[in-house]
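In listed order, ligands and their atoms are each counted from 1.
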Amino acid sequence: MAAGAGDNPPLHPALEPLAFLLGTWRGEGEGGYPTIQSFKYGEEIKLWHSGKPVMAYAQKTWKAASGEPMHAESGYWRPKPDGSIEVVIAQSTGLAEVLKGTFDAEQKRVQLQSSLVGNASKVQAIGRLFEVEGKELKYTVDMATLTHELQPHLHAVLTKI
Ligand code: HEM
C-alpha cells in the first residue's frame with residue numbers, strides 16, 4: 001500500500017530542535033488594543049509533521065463566554081539549521097503573513113517578526129513570541145497598524161492535551 005494519511009513518519013532531523021512544540025495545545029487568551037475593547041477567548045493550537053523538514057500549524061479560537069467561533073489561522077513553520085526560522089500564516093480574516101525570526105531549543109522559544117503582511121486594511125507589522133515552560137505554551141502577538149506602533153494585541157497560555 002502507498003504511504004499516506006495515518007502513517008507515523010519519523011521526525012525529520014531539521015524539526016528535532018522544535019519537537020517541544022509538536023502536539024495539540026488548548027487554553028485561554030486575552031486580546032486588546034488601544035482602539036478596541038479587550039476580550040477573552042479560548043484557543044486550540046495544533047502543530048504536527050509528515051516527515052518533511054516543515055511543521056504544519058493550525059489554530060482556532062472561540063469566545064470565552066459563549067463558545068462562538070472567532071479568528072482562525074493556519075500555516076507552515078520552516079526551521080533552518082542555523083537557528084533561523086521562516087513561518088507563513090493565512091488568517092481567516094484574509095490577511096496573509098510571512099514571518100522571520102529565530103528559535104532557541106534550550107529556552108524553548110521562537111521569536112518572529114513579519115517580513116510581509118498582505119491583504120490587510122490596517123495591519124502594518126506583526127511580532128509573535130512563543131515560549132514553552134513545563135507543560136505550558138505561552139505566546140504573545142504584537143501588531144502595528146496604520147495608526148498605532150507595534151504593541152500587544154494578544155496573549156495566551158495553553159496546555160498540551
Ligand atoms: C481587532 C488584527 C488576531 C480578535 C483587530 C484589528 C486588527 C486586528 C487590525 C482592528 C484594530 C483597530 O481597529 O484599530 C489582528 C491580527 C491578528 C489578530 C493581525 C493575528 C496576528 C486575533 C485573534 C482574535 C482577534 C486570534 C480572537 C481570538 C479581535 C477582536 C477585535 C480585533 C475581537 C475587535 C473587534 C473587531 O475589530 O473585530 N485585530 N488580529 N484577533 N481582533 Fe484581531
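When the salt bridge (Lys or Arg N to Asp or Glu O under 4.0 Å) test is applied to Glu16, no partner is found at least two apart in sequence or on another chain. Residues satisfying the salt bridge (Lys or Arg N to Asp or Glu O under 4.0 Å) test with Glu43, not counting sequence neighbours, are none. In terms of the salt bridge (Lys or Arg N to Asp or Glu O under 4.0 Å) criterion, Glu30 has no residue partners (sequence neighbours excluded).
Checked against the 6.0 Å centroid threshold, Trp25 and Tyr139 do not count as a close aromatic pair. Here the two rings, on His148 and Tyr33, have centers that are under 6.0 Å apart.
Once rounded to the nearest 0.5 Å, the distance linking NZ of Lys60 with OH of Tyr41 reads 15.5 Å. Within the model, atoms CD1 of Ile85 and OG1 of Thr102 stand 9.0 Å from one another, a figure rounded to the nearest 0.5 Å.
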### Task
Report the C-alpha separation of Trp77 and Leu15 in whole Å, then their side-chain angles, then the decisive distance to 0.1 Å, and conclude whether the side-chain contact (heavy atoms from CB on, under 4.5 Å) test is met.
CA-CA 10 Å; Trp77 297 37; Leu15 296 190; over 6 Å; no
### Query
So Glu97 and Gln91, side chain to side chain donor-acceptor pair (under 3.5 Å) or not? Walk me through it.
CA-CA 8 Å; Glu97 71 187 288; Gln91 299 192 10; 2.7 Å; yes
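The nearest non-hydrogen atom to atom 14 (O) of ligand 1, considering only Leu99, Thr35, Val141, comes from Thr35. Around atom 16 (C) of ligand 1, the closest heavy atom drawn from Gln91, Glu30, Glu73 belongs to Gln91.
Annotation: protein N, O or S atoms under 2.8 Å of atom 43 (Fe) of ligand 1 (waters excluded) comprise His153 NE2.
No side-chain heavy atom of Gln124 sits less than 4.5 Å from a side-chain heavy atom of Val117.
For atom 38 (O) of ligand 1, no protein heavy-atom neighbour is present inside the 4.0 Å cut-off. Under the 4.0 angstrom criterion, atom 23 (C) of ligand 1 counts as having a protein heavy-atom contact.
Atom numbering of ligand 1 starts at 1 in the shown order; those under 4.0 Å from a heavy atom of Val123 are 2 (C), 9 (C), 19 (C). Atoms of ligand 1 found under 4.0 Å from any heavy atom of Thr61, numbered from 1 in the order shown, are 27 (C), 28 (C). The distance from ligand 1 to the heavy atoms of Arg128 drops below 4.0 Å at these ligand atoms: 20 (C), 21 (C). Below 4.0 Å from some heavy atom of Met70 lie the following atoms of ligand 1, by number and element: 27 (C), 33 (C). Taking every heavy atom of Ile126 and a limit of under 4.0 angstrom, the matching atoms of ligand 1 come to 19 (C).
Nearest non-hydrogen protein atom to atom 29 (C) of ligand 1 is Phe39 CZ, 3.4 Å. With respect to atom 13 (O) of ligand 1, the closest heavy atom belonging to the protein is Lys122 NZ, 2.7 Å.
With a heavy-atom cut-off of 4.0 Å, Gln37 does not touch ligand 1 at all. With a 4.0 Å cut-off on non-hydrogen atoms, His148 does not touch ligand 1 at all.
Between Glu73 and Arg128 there is a salt bridge, since at least one side-chain N of the basic residue sits less than 4.0 Å from a carboxylate O of the acidic one. Salt bridge Lys63/Glu68: present, at least one basic N to carboxylate O contact under 4.0 Å.
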